[in-house]
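Inspection log for the structure reproduced underneath, given as structure tokens.
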Amino acid sequence: MRIDKNVEDDGVIFMSIKEKDDEPVSEKNNEKDVTILAIESSCDETAAAVVRNGREVLSNIISSQIALHTIYGGVVPEIASRKHVEKMNGCIRAALSEAELTLKDIDAVAVTYGPGLVGALLVGVSEAKAIAFATGKPLIGVHHIEGHISANFIENKDLEPPFVCLVVSGGHSHLVVVKDYGEYEIIGQTRDDAAGEAFDKVARAIGLGYPGGPKIDKAAREGNPEAFSFPQAQIPDAEYDFSFSGLKSSVLNYINQAKMQGNELNSNDVAASFQRAVVEVLAGHAVKACKEYGYNKLAIAGGVASNSALRELLEKECEKNHISFYRPSPVLCTDNAAMIGAAAYYEYKKGVRFGLDMNAVPNLPLGDRERRFHAGKN
Amino acid sequence: MKILGIDTSGLVGAVAIADGDLLVSQFSIQYKTTHSEIILPMLKDVCDKIHLDLSSIDAIAVSKGPGSFTGLRIGAATAKGLSMALDKPIIPVPTVDAIAYNLYGVEKIICPMMDARRNQVYTGLYTFVPNTPEGMSLERSFGMQVIHEQFATSVSEIAASINEIGKPVVLLGDGVPVYHDILEKELKVPYSIAPFHQNRQNGAALVALAMQYAKEGRMISSDEFAPEYLRLSQAEREAKEKEKAPSGEVESRKLEARKNPGIIRIREMTAEDIEEAANLEKSNLGKEAWTQKQLLDALTRDDTIYLVAEKAKRIVGLCGVQNISGDGEITNVSVAKDCRGEGIGYKMLKQLLERGRGIGIADYTLEVRKGNEAAIKLYQKAGFKSEGIRPGFYDEPKEDAEIFWKRKEI
């Protein structure tokens with residue numbers, strides 16, 4: 001894996017992620033190959049990728065605006081949407097040129113159509129539809145979280161359903177059984193805050209800033225995870241559901257109290273103890289689900305899946321319980337388009353095609369398919 | 001020259017195709033539909049009906065803004081996608097210019113106005129100037145002259161600019177029906193309003209103007225194109241305002257308030273206000289009131305905002321919020337008993353909510369005695385929704401607290 005980075009004049013970071021170092025892209029397409037151009041713009045990364053047969057990433061371009069939003073303490077939807085319009089074409093062009101292909105060689109255009117920020121999603125959706133229409137190629141809408149889950153197919157060429165997947169990101173905390181390609185059963189989800197959201201808020205409260213996940217992860221390495229015992233909520237009657245709101249409040253209350261009483265706050269200890277409480281619940285639920293549902297494969301996905309404490313704990317627990325543990329490399333855990341291309345491939349094989357009336361669906365539910373945009377639905 | 005035009009800057013969604021001197025097709029819908037769902041199906045319909053081979057298009061014209069931010073991006077991303085896939089340039093057309101071009105040949109002042117909310121409009125001033133083509137005697141051709149480039153301003157400002165020119169004016173655009181009353185009051189020149197077949201965004205006018213631009217070489221590559229919003233995002237505006245707020249502002253406002261007794265001024269609480277504010281709290285809340293020390297404490301923190309309402313040199317209202325990691329906890333809302341029913345609470349709260357965004361508050365929450373109907377009505381008016389009960393939260397008398405939230409709209 002190699003990442004070429006370039007910071008542009010406006011603070012946006014342009015990245016090209018190569019799976020293998022210095023290896024030229026493999027020869028022209030075989031006739032049976034399916035090559036997909038994928039586009040993602042659901043939050044603050046503009047991304048485009050070319051993916052062959054769902055698992056081979058020919059190019060993976062990410063234009064990250066994270067630096068622009070840091071001063072506001074979180075993603076500003078209007079700023080994100082504006083940047084998407086500016087950056088999208090450059091990303092697509094770079095993705096095609098790195099794959100050494102043109103639009104003619106592409107078999108389908110895939111795009112994230114939800115969930116996410118509606119204004120941001122609309123940029124990718126409008127662009128993808130226009131390209132699909134102008135080139136006459138099929139159009140495939142992809143669920144953002146299904147993309148994250150599918151990142152595992154890129155990283156682990158041997159992974160096939162069924163397996164259990166723990167999806168944790170800024171906006172999502174789901175425990176999902178992947179029954180088959182594109183078939184999902186949600187067995188647990190958050191009742192309130194997503195894990196990533198709790199990370200962001202706690203990070204802000206102890207002055208680490210945005211984005212919270214990586215900053216807490218780093219601070220926690222210097223702290224004592226046993227310093228405090230923050231509550232780990234269990235939901236009665238829904239043993240796989242999560243609740244991070246109580247934990248978050250308890251940490252925030254502790255911080256406020258310490259401030260009021262003028263006590264010195266060891267933010268590394270707070271970060272480490274908070275992180276321990278989150279990852280123990282996440283890992284505990286995930287491993288339990290594997291055992292009770294009888295699956296011996298567990299995968300993780302989403303931004304929080306790159307958290308080192310979560311990875312370590314899951315590795316340990318999976319080994320103890322004879323479960324194979326799969327995880328995408330950190331760069332595939334962030335928002336990217338390669339994962340959208342991976343998910344789209346299996347939809348393509350099933351014959352799923354979207355019409356030009358496809359719209360962005362900001363609260364698109366996982367698993368429950370939005371069929372109203374499918375082509376030929378009448 | 002064959003040009004495809006797209007306009008999604010306002011309520012109108014339009015596609016048009018012109019080939020040289022011929023308008024081959026136009027399709028326009030002005031209805032509450034989602035541009036993102038209809039614009040490409042509309043284009044596909046048109047292409048099918050006129051058997052258009054898309055690759056025969058020479059350029060894609062698009063309304064570049066101003067307009068609805070989301071609408072502009074749908075048009076821009078669609079145009080950029082088409083432009084990249086077809087490898088054809090983009091002709092960006094200023095939205096207000098394209099609207100003005102509806103009135104070809106009109107030698108009066110032309111003033112399109114797009115509603116930008118809160119008495120603001122996106123507007124510009126234009127007129128058509130006649131020329132006699134070479135070798136002709138009676139024929140006239142008109143060129144559109146831009147008197148004032150498109151910009152964002154208040155309705156009163158643009159009315160004043162029109163008065164200054166002093167010539168009859170034709171008004172058009174979706175801002176006209178919204179601000180008709182203000183215009184009637186403030187315009188000092190004869191004015192007319194264009195009828196509906198020529199008073200909104202129009203795909204045909206857009207491509208007609210784009211044809212002119214094409215001749216002048218005003219085309220760019222798809223990668224370079226981005227909409228022109230004429231306005232910063234709200235977050236950027238707030239950040240800028242915060243930066244430039246002068247320190248003497250509070251003082252000058254105080255002076256002004258003294259000159260105008262009876263007028264209610266909402267301003268930030270200062271240390272000098274503490275004693276009066278604490279007295280106000282006390283007379284309203286008794287034992288539950290915040291003390292001077294608590295108020296002073298709150299004032300000195302950088303994660304709080306405290307506002308007071310001043311009337312005739314007297315503090316008649318107080319409210320405050322503390323930012324707890326993005327959640328704004330509203331700690332106080334108090335209005336002097338003899339000044340209630342004057343809308344002071346709502347005014348304060350509205351300012352508090354707006355200013356809170358500037359210190360990073362996304363969602364607001366507060367607790368209120370379940371039986372305090374007046375307060376609950378105020379919070380509901382300000383957009384708060386009840387999300388639960390905290391049983392027995394208040395003492396003397398024992399009463400449940402109702403928990404209200406105002407969550408950020410995405």
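Please read all numbers here as calculations on a predicted model, not as lab measurements. A, B, ... follow the sequence lines: proteins, then strands. Residue 1 opens every chain.
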Side chain from CB out, backbone as N, CA, C, O: work out which of these in [X] comes under 4.5 Å of a heavy atom of chain B, or both, or neither.
X: A:Lys248; result: side chain
X: A:Leu252; result: side chain
X: A:Asn256; result: side chain
X: A:Val76; result: side chain

Check your understanding: Nearest 0.5 Å, what's the CD1-CG distance between B:Ile90 and A:Asn89?
Key -> 7.5 Å
Do [X] and [Y] have side chains that approach each other closer than 4.5 Å (heavy atoms only, starting at C-beta)?
X: A:Met88; Y: B:Ser222; answer: no
X: A:Lys129; Y: B:Thr78; answer: no
X: B:Glu37; Y: A:Phe373; answer: yes
X: B:Arg73; Y: A:Leu122; answer: no

Check your understanding: Of the backbone (N, CA, C, O) and the side chain (C-beta and beyond), which part of B:Leu82 lies under 4.5 Å from a heavy atom of chain A, both, or neither?
Key -> both
Review point. At a heavy-atom separation under 4.5 Å, does B:Ser36 approach chain A through its side chain, its backbone, both, or neither?
Key: both
**Study point:** Heavy-atom donor-acceptor pair, B:Lys44 side chain to A:Leu356 backbone, under 3.5 Å
**Key:** no
Exercise for review: Would you mind telling me which of A:Glu86, A:Arg93, A:His84, A:Arg204 has the largest number of heavy-atom pairs within less than 4.5 Å of chain B?
Suggested key: A:Arg93
Review point. If you count heavy-atom pairs under 4.5 Å with chain B, which of A:Arg82, A:Lys87, A:Met358, A:Glu78 comes out on top?
Key: A:Arg82
**Study point:** Atom NZ of B:Lys2: over 12 foreign heavy atoms under 6.0 Å
**Key:** yes
Practice item. Measure across B:Ala77 and A:Ala130 and return the closest heavy-atom pair with its distance rounded to 0.1 Å. Key: O-CB, 4.5 Å
